[in-house]
Amino acid sequence: SPPVALEDTRKQISVLVVEIVTPVQAYDAADPEVFMQTVEPLLDLGTSVVKQQAGIVVHRGQADLTVIFGALAPVEDHALLGVQAALAVSRAVHDADQATQVKAAIDTGEAIVRVRMLPQGWRVEVNGPPVRVAQRLAHALKHGVISVTSRTRKAVGDSLMVEALDPSTYPSLMHDQ
């Protein structure tokens, strides 16, 4: 049977994009099986960690996860949960493989959240600026950096100490963040 959309709602959410960067990725000719054997367990670990932080994985790529917070149930501190999850994934991946680094970005804002019922179970989909901004920011970051947008920073208030990105290192991102 075809997928059924259970609901389409506008919600304030936080989106975390985590990219796992291994030494294997530095080689364009790296064997795909070696790459998968290296990254898959780390993605599984990251997935487990974000679920413990109340995150919902909405996309799992070759070496990245897109996770949302505050989408299904109203959660006042969804931005803080996203930041805590990014830090927890970074620590867990480092503990599992010290040669591997995480880069992560968190954005907060309004998005359309859709819950779909599929034959294999339900799936949450999300679309909106926080997804695109977090993806773009994570992709642009250097390894080992966790970045939050000004919207996320505002949402977490005094619960988070941040350091500004160097504009000379990230000139194309400074107008957004």
Side-chain angles (χ1 to χ4, degrees), residues 1-22 24-25 31-97 100-139 141 146-149 151-152 155-156:
S1 68
V4 175
L6 300 179
E7 66 179 281
D8 253 5
T9 56
R10 286 183 178 270
K11 294 195 176 183
Q12 287 290 323
I13 64 167
S14 292
V15 178
L16 164 64
V17 175
V18 174
E19 289 188 18
I20 296 175
V21 183
T22 69
V24 173
Q25 290 167 297
D31 185 297
E33 286 181 32
V34 171
F35 176 78
M36 287 176 54
Q37 290 169 352
T38 303
V39 174
E40 285 291 321
L42 298 173
L43 286 172
D44 292 342
L45 176 62
T47 298
S48 175
V49 168
V50 297
K51 286 182 177 179
Q52 291 171 10
Q53 301 285 336
I56 299 168
V57 176
V58 294
H59 173 77
R60 180 174 168 149
Q62 289 183 3
D64 62 276
L65 299 171
T66 301
V67 185
I68 57 176
F69 298 86
L72 296 184
V75 179
E76 200 170 299
D77 59 350
H78 53 80
L80 184 58
L81 289 172
V83 172
Q84 290 171 335
L87 292 167
V89 169
S90 182
R91 280 191 301 269
V93 167
H94 181 266
D95 290 349
D97 181 353
T100 297
Q101 294 185 336
V102 167
K103 54 183 184 170
I106 305 105
D107 190 28
T108 300
E110 189 175 73
I112 300 293
V113 177
R114 173 182 289 163
V115 179
R116 294 169 56 99
M117 184 53 116
L118 302 172
Q120 62 271 31
W122 61 275
R123 180 175 74 192
V124 179
E125 299 171 346
V126 64
N127 190 348
V131 177
R132 293 185 294 275
V133 169
Q135 288 172 337
R136 188 177 74 242
L137 182 56
H139 184 68
L141 292 172
I146 298 173
S147 180
V148 300
T149 63
R151 291 181 293 266
T152 300
V156 298

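From a predicted model like this one, the values you see are computed outputs, not experimental measurements.
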- Around atom CD of Glu40, are there more than 12 heavy atoms of other residues, nucleotides or ligands at under 6.0 Å? yes
- What's the spacing between Leu87 CG and Ile106 CD1 if we round to 0.5 Å? 7.5 Å
- Query: Under the 3.5 angstrom rule, does the side chain of Lys103 hit a backbone N or O of His139 as a donor-acceptor pair?
  - Reply: yes
Name each donor-acceptor pair under 3.5 Å that joins a side chain in residues 43-59 to protein atoms two or more places apart or in another chain, with its distance.
{"residue": "Asp44", "atom": "OD1", "partner": "Arg60", "partner atom": "NH1", "Å": "2.8"}
{"residue": "Asp44", "atom": "OD1", "partner": "Arg60", "partner atom": "NH2", "Å": "2.7"}
{"residue": "Thr47", "atom": "OG1", "partner": "Leu43", "partner atom": "O", "Å": "2.9"}

- Message: So Val67 and Val18, do their side chains get closer than 4.5 Å, heavy atoms only?
- Response: no
- If you take all heavy atoms of Ala134 and Ala105, which pair is closest and at what distance? O-CB, 3.4 Å
- Report the residues that fulfil side chain to side chain donor-acceptor pair (under 3.5 Å) with Asp64, sequence neighbours left out, ordered by chain and then residue number. none
- Can you list the residues that meet the side-chain contact (heavy atoms from CB on, under 4.5 Å) rule with Ser90, with sequence neighbours excluded? Val102, Ile146
- Task: Check whether any side-chain heavy atom of Asp107 sits under 4.5 Å from a side-chain heavy atom of Leu137, and report yes or no.
- Result: no
- Measuring from Thr9:OG1 to Arg114:CZ, what's the distance to the nearest 0.5 Å? 10.5 Å
- Partners passing side chain to side chain donor-acceptor pair (under 3.5 Å) against Glu125 (at least two apart in sequence or in another chain): Arg116, Arg123
- Any side-chain heavy-atom pair of Gln101 and Val93 under 4.5 Å: no
- How far apart are the closest heavy atoms of Trp122 and Met117, and which atoms are they? N-SD, 3.8 Å
- Item | Separation of Asp31 CG from Gln37 CD (nearest 0.5 Å) | 8.0 Å
- One should read off an interatomic distance between Leu141 CG and Ser147 OG, to the nearest 0.5 angstrom, of 5.0 Å
- Message: For Ala63 versus Val39, what's the shortest heavy-atom pair and its separation?
- Response: CA-CG1, 3.9 Å
Using distance only, find each side-chain donor-acceptor pair of residues 68-81 under 3.5 Å and give its atom names and separation, not counting sequence neighbours.
{"residue": "His78", "atom": "ND1", "partner": "Ser14", "partner atom": "N", "Å": "3.3"}
{"residue": "His78", "atom": "ND1", "partner": "Ser14", "partner atom": "OG", "Å": "2.7"}
{"residue": "His78", "atom": "NE2", "partner": "Gln12", "partner atom": "O", "Å": "3.4"}

- Kindly state each residue pair satisfying salt bridge (charged side-chain N to carboxylate O under 4.0 Å, His left out) with at least one member in residues 79-92, sequence neighbours excluded. none
- Can you find a pair of side-chain heavy atoms, one from Val156 and one from Val148, that are under 4.5 Å apart? no
